[in-house]
Amino acid sequence: MQYPFSDIEPKWQRYWLEHGSFAASEDPSKPKMYVLDMFPYPSGAGLHVGHPEGYTATDILCRFQRLKGVNVLHPMGWDAFGLPAERYAMQTNIHPQITTEQNISNFRRQIQMLGLSYDWTREVNTTDPGYYKWTQWIFLKMYGSWYDDRIQKARPVCELEAELAATGTQHLTCEEHCTAGQWNAKTTLEKQKLLDRFRLAFISEIPVNWCEALGTVLANEEVAEWTDKGYTVERKPMRQWMMRITAYSDRFLKDGESLDWPVSTLEQQKNWIGRSEGAEIDFQMQNGDAQIRVYTTRPDTLFGATYMVLSPEHPLVDAVTTDAQRTAVSIYQMQAAVKSELERGVDKDKTGVFTGGFVINPATQKPIPIWIADYVLMGYGTGAIMAVPAHDERDFDFAKKFDLPIVYVVDGASSDAAAFTGDGVAVNSANGEVSLNGLNTADAMKAISAWLEQSGRGAKAVKFKLRDWLFSRQRYWGEPIPIIQWEDGTKSPVDERELPLLLPDLKKFQPSGTTESPLALAEDWVNVVDPATGMKGRRETNTMPQWAGSCWYYLRYIDPANDAEFCSKEKMAYWMPVDLYVGGAEHAVLHLMYSRFWHKVLFDLGFVSTNEPFIKLRHQGMILGEDSRKMSKSRGNVINPDDVVEEFGADSLRLFEMFMGPLEEMKPWSTKGVEGVHRFLNRIWRLYVTEEGTLTSVFTDAPAAAEFERLYHQTVKKVEDDIAALRFNTAISQMMIFINEAMKQPSLNRSMMKNFVVILSPFAPHIAEELWEKLGSATAMSESASWVPYDPSMLVSDEVMIVVQVNGKIRAKFSAPKDTDDAELKKCAYAEPNVKAHTDGKTIVKEIVIRNKLVNIVAQ
RNA sequence: GCCAUCAUGGCGGAAUUGGUAGACGCGCUGGACUCAAAAUCCAGUUCCCUUUAAAGGAGUGUCGGUUCGAGUCCGACUGAUGGUACCA
């Protein structure tokens with residue numbers, strides 16, 4: 001007989017929903033905890049067994065904290081803009097809003113069927129105009145801000161305008177300089193162009209990853225995801241919206257140090273940001289005045305720089321190319337232009353063309369040839385390198401292929417077969433002003449840097465791999481970017497009071513046929529006329545990427561219905577920051593960096609009070625199929641949560657997913673394992689409830705046996721400690737031990753067994769509520785119960801088992817009263833016959849006694 | 001290649017500060033109940049030798065080190081997983 005989970009689970013789910021059992025409100029008298037799950041993309045496929053893993057973990061913690069009297073915020077919502085819904089619309093012509101609503105209903109049903117204690121009054125949906133109004137609002141804040149390097153902080157653009165009007169660009173880092181007078185004399189359009197160089201959201205004409213089949217561009221970090229699915233991505237220069245995420249590189253690194261995040265995630269972000277220290281060095285052209293600046297992390301090898309390589313896109317390529325080489329260079333540039341960065345990387349075989357030009361190596365004063373090659377990327381450093389083939393593998397390969405000179409300047413394992421890239425002693429590195437010879441790499445670096453700086457030829461520099469965030473997508477199903485482009489070339493943001501800028505209702509969702517989004521076809525929507533001036537304009541047809549809505553949803557949960565602000569400051573002050581954030585590791589460098597970025601901008605502008613959004617982060621490990629391989633339809637090893645709940649109940653699913661192993665580890669599904677925890681719940685049920693469904697008569701008011709009572713206190717403590725540390729598997733195993741023992745007891749103490757239901761309830765809330773009711777409580781557990789205390793004095797037994805080792809090997813065990821002194825323990829140890837057998841005839845060298853634990857005798 | 005993490009029975013895993021390795025669950029073996037089966041309950045289950053038991057030996061990827069004592073600490077290696085990839 002199985003316990004009636006299919007009756008009691010819907011019963012309590014209805015009860016919690018109807019009574020708003022988990023609704024949270026601000027209460028300054030109580031400590032708060034904000035526990036957040038990564039909200040799902042509601043796909044047509046429905047919930048995957050991976051979702052309940054993270055969701056159950058946070059649910060257990062939340063239910064536990066509520067029992068402890070903590071005010072818990074635990075919301076759920078939908079990340080519902082995105083490509084899959086739009087692609088489905090292209091195929092079926094069903095509006096993505098309709099499919100999105102259907103998918104959300106299905107996801108909500110599935111999540112509610114798991115008994116997760118969300119506050120459903122705070123549900124958010126990124127496609128809801130009431131939500132994306134504020135996504136657009138934040139976009140306008142980014143557009144209206146710039147990053148001030150001097151104070152490492154974002155500021156409103158109006159402050160920049162004030163500074164330009166007062167002092168021009170003299171105190172600013174800027175490529176194009178102007179005085180206050182020149183600024184004030186500029187036209188509106190000219191002013192806008194200069195300001196655009198500073199804005200955190202700006203338009204740029206850059207080579208992007210264009211996918212014809214999807215009809216949109218993809219961010220660099222998104223390319224792999226789609227090429228894996230068989231799509232082709234090409235490189236194409238296009239006008240795109242960008243976000244200046246690179247401004248925050250240093251702050252990401254510095255603030256990351258204080259976060260309680262998985263090391264691997266912090267490490268990934270660190271690699272992604274890719275900070276490196278080196279020097280920028282100027283090389284003088286042999287003919288002409290121009291200088292070419294390179295970036296290197298090994299300035300100490302300058303004497304070994306035997307040629308220079310420019311990226312094919314480098315702006316000085318034309319200037320350095322001789323007439324004789326011009327045709328070859330142009331052909332190479334065209335070939336490089338169509339290759340995606342991915343293709344460039346795949347083919348490690350070096351290609352390149354000599355430009356005919358030369359620069360002077362500032363250290364040796366010798367002319368060296370300038371080449372172009374696609375192994376040098378325009379997007380990193382200065383787009384130009386000094387090639388040191390003796391000490392760089394790539395330069396070495398290139399030099400070998402094109403027969404360029406190789407000069408060793410670091411003494412190491414030099415050979416003709418490979419470059420020596422390690423540290424060593426500098427050689428062949430001296431001119432009339434500086435000598436590095438005899439110095440180790442670190443000292444040589446210092447010496448050459450000092451010389452470069454003092455002679456004005458170069459300076460120390462820090463570079464990052466991180467690039468600005470490609471923000472626009474040529475899609476329909478995303479937030480419209482609230483900017484209008486006027487016919488005179490100026491642009492203006494949509495007035496805040498006019499937000500949300502609604503998506504027009506389209507009838508067809510095919511790509512526009514050009515590189516514009518389908519929005520370009522909605523002429524009534526796209527074309528606007530300024531009522532004041534009569535000037536014609538066009539709305540931005542690009543939309544925001546899916547990441548935009550998820551950048552700030554954790555803030556909206558705090559105040560989901562607020563129509564006047566994205567979130568009230570008072571409520572934010574109470575709930576922020578997020579105390580625990582749980583979700584998949586696949587978001588390590590995308591969502592988790594984008595939302596840190598937006599949060600920091602909002603922080604700089606004074607809209608949020610913390611500089612980081614998520615204090616503590618954990619990833620749930622992937623759940624593999626029963627065959628230990630990744631779950632996939634094609635392998636036929638996908639487990640559907642609906643089926644598991646149908647057969648075993650939600651409590652069993654929850655319990656099993658937590659019992660499988662550590663939260664963060666990857667682990668295979670096991671149907672037998674679900675049956676195992678299901679048996680455990682059945683055993684509990686039979687212990688409390690008779691065949692007739694009434695409370696068992698085994699429960700009495702008599703005190704429990706001492707040993708069993710000790711186990712009870714140990715269990716409470718272990719479950720409490722383990723939940724706090726997110727070690728749910730060991731908490732469950734302890735409860736199993738307790739129940740196994742309970743079944744052997746002739747009678748059971750009623751209040752102890754009632755308390756056990758409390759500690760079980762975070763894990764298996766439905767069965768716990770039902771037992772709580774059967775135990776005669778007038779109110780539901782979720783409303784009236786609190787966590788139960790344990791007695792620390794009851795944790796340890798009066799008798800302890802002492803292990804006796806001889807030379808580190810266990811030879812005997814005996815039981816002794818707790819805290820027996822060392823001398824007595826030694827005496828007892830020697831009294832053991834097997835200890836005698838192993839020590840007789842030997843000299844005792846040493847005796848180690850650890851109280852209440854062991855005696856180790858060292859004998860020779 | 002580089003960076004990070006990890007490696008324990010037939011399987012998932014436990015061992016919180018170095019102190020009884022294998023908790024708990026699965027599987028398997030035997031037994032009880034039953035006409036029989038399912039369900040349930042009881043006992044056993046790291047490997048080897050003896051085998052009734054006691055006792056003994058080996059054992060946490062490999063090799064070495066520190067220590068009275070190492071799954072745990074240190075060094076080298078091997079393998080797996082994830083990330084990244086011409087970033088100068």
Side-chain angles (χ1 to χ4, degrees), chain A residues 1-2 224 262-272 274-276 278 294-298 301 309 341-342 344-350 373-377 379-388 391-395 397-398 463-467 585-586 588-589 619 621-622 628 655-656 659-662 664-677 679-680 682-683 686 718 721-722 725 727 729-737 740 743-744 801-811 813 833-834 837 845-850 852-859:
Chain A
M1 245 294 275
Q2 289 190 82
V263 278
S264 59
T265 303
L266 288 170
E267 200 60 33
Q268 262 184 68
Q269 292 204 349
K270 226 167 140 179
N271 292 341
W272 197 257
R275 185 181 201 275
S276 77
V294 302
Y295 173 68
T296 179
T297 53
R298 288 295 299 273
T301 62
V309 185
E341 260 181 44
L342 210 71
R344 284 189 180 194
V346 167
D347 192 4
K348 296 254 152 102
D349 204 25
K350 298 285 178 291
D374 67 5
Y375 81 93
V376 176
L377 309 171
Y380 181 76
T382 61
I385 61 155
M386 61 175 213
V388 186
H391 305 292
D392 182 280
E393 280 166 29
R394 297 152 302 185
D395 298 345
D397 293 345
F398 193 83
K463 296 287 173 195
F464 298 92
K465 281 202 268 186
L466 184 68
R467 305 210 194 150
E586 65 275 17
V589 289
H619 302 302
M622 195 193 296
S628 291
L655 209 55
F656 173 65
F659 185 62
M660 293 168 88
E664 310 206 33
E665 230 94 305
M666 183 187 282
K667 40 213 176 256
W669 185 263
S670 159
T671 301
K672 289 286 184 190
V674 188
E675 287 172 22
V677 294
R679 270 200 285 272
F680 169 60
N682 268 317
R683 274 205 297 276
R686 284 197 307 271
K718 177 135 185 77
D721 293 350
D722 284 353
R727 287 189 304 248
N729 53 332
T730 49
I732 293 167
S733 113
Q734 183 66 35
M735 291 190 287
M736 286 173 168
I737 294 169
N740 288 347
M743 290 178 66
K744 293 177 191 161
M801 191 60 81
I802 305 292
V803 173
V804 189
Q805 297 180 327
V806 178
N807 295 333
K809 284 197 160 77
I810 296 155
R811 297 301 178 187
K813 293 171 194 177
N834 201 35
V845 181
K846 201 169 177 182
E847 293 158 325
I848 294 108
V849 181
I850 308 289
N852 295 328
K853 276 216 170 110
L854 94 164
V855 179
N856 188 9
I857 298 157
V858 186

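Order of the sequence lines fixes the chain letters, A, B, ..., with proteins taken first and strands second; residue numbering starts at 1 for each chain. Side chains included, hydrogens not; waters and symmetry mates left out as well; all remaining heavy atoms used. Because the structure is a prediction, the values reported are computed rather than measured.
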Base, sugar-phosphate or nothing for Gly381(A)? Non-hydrogen atoms, less than 4.0 Å. nothing
Would you indicate what Lys744(A) reaches in the nucleic acid, counting non-hydrogen atoms under 4.0 angstrom: base, sugar-phosphate, or nothing? nothing
Under-4.0 Å side-chain N/O to phosphate OP1/OP2 contact, Thr730(A) with C24(B): no
Respond yes when some side-chain nitrogen or oxygen of Arg727(A) is under 4.0 Å from OP1 or OP2 of C24(B), and no when none is. no
Is there a side-chain contact between Arg811(A) and the phosphate of G57(B), meaning an N or O under 4.0 Å from OP1 or OP2? yes
Is Glu586(A) atom CD crowded by more than 12 heavy atoms from other residues, nucleotides or ligands, each under 6.0 Å away? yes
Has Lys718(A) got a side-chain atom pairing as donor or acceptor with Met735(A)'s backbone, closer than 3.5 angstrom? no
Between G69(B), G12(B), G25(B), which nucleotide has the shortest distance from any of its atoms to the side chain of Lys667(A)? G12(B)
Is it possible for you to check whether Lys463(A) lies under 6.0 Å from the centre of the six-membered ring of Tyr380(A), through NZ or CZ, and within 45° of that ring's axis? no
Respond yes when some side-chain nitrogen or oxygen of Arg679(A) is under 4.0 Å from OP1 or OP2 of C26(B), and no when none is. yes
Measuring only between side-chain heavy atoms, which start at C-beta, is Lys465(A) closer than 4.5 Å to Asn271(A)? no
Under 4.0 angstrom, heavy atoms only, what part of the nucleic acid is Asn807(A) near: base, sugar-phosphate, or nothing? nothing
Rounded P spacing from G19(B) to A55(B) in Å: 24 Å
Considering only atom P, compute the distance from G79(B) to U62(B) and round it to an integer number of Å. 15 Å
Counting side-chain heavy atoms from C-beta on, which of A88(B), G25(B), C68(B) comes nearest to Met736(A)? G25(B)
Reckon Ile850(A) touches a base, only the sugar-phosphate, or nothing at all at heavy-atom distances under 4.0 Å? base
Hey, which of these two, Ile732(A) or Asn271(A), hits RNA chain B nearer its 5' end, going by closest nucleotide? Asn271(A)
Are Phe398(A) and Asp392(A) close enough that some pair of their side-chain heavy atoms sits under 4.5 Å apart? no
Which nucleotide in the set A88(B), A21(B), A4(B) lies at the smallest distance from any side-chain heavy atom of Glu267(A)? A4(B)
Return yes if the base of C3(B) and the side-chain atoms of Lys270(A) contain a donor-acceptor N/O pair under 3.5 Å, otherwise no. no
Roughly how far apart, to the nearest Å, are G61(B) and U52(B) at atom C1'? 38 Å
Judged by atom type as modelled, is there a donor-acceptor pair below 3.5 Å linking the side chain of Asp397(A) to the main-chain atoms of Asp349(A)? no
Under 4.0 Å, heavy atoms only, any strand: does Ile810(A) hit a base, just the sugar-phosphate, or nothing? sugar-phosphate
Compare the minimum distances between each of A55(B), A23(B), A88(B) and the side chain of Asn834(A), then state the nucleotide with the smallest one. A55(B)
By nearest-nucleotide position on RNA chain B, the 5'-leaning member of Ile385(A) and Lys672(A) is Lys672(A)
On a whole-Å scale, what distance lies between the P atoms belonging to U16(B) and G71(B)? 13 Å
Base, sugar-phosphate alone, or nothing: which one does Met743(A) contact when heavy atoms must sit under 4.0 Å apart? sugar-phosphate
If you check the Ser264(A) side chain, which of C86(B), A88(B), A4(B) turns out closest? A4(B)
Nearest-nucleotide pick for Val858(A), side chain only, options being C68(B), G57(B), A88(B): C68(B)
Touch class at under 4.0 angstrom, heavy-atom based, for Ser670(A) against every strand present: nothing
Listed nucleotide nearest any side-chain atom of Gln268(A), set A88(B), G83(B), G25(B): G83(B)
Which nucleotide in U20(B), C86(B), A58(B) has an atom nearest any side-chain atom of Asp374(A): C86(B)
Residue Lys846(A), side-chain atoms from C-beta onward, closest of A58(B), G19(B), C68(B): C68(B)
What's Pro262(A) touching, base or sugar-phosphate or nothing? Going by heavy atoms closer than 4.0 Å. nothing
Consider the side chain of Met666(A), meaning its heavy atoms from C-beta on, and name the nucleotide among C86(B), C68(B), U81(B) that approaches it most closely. U81(B)
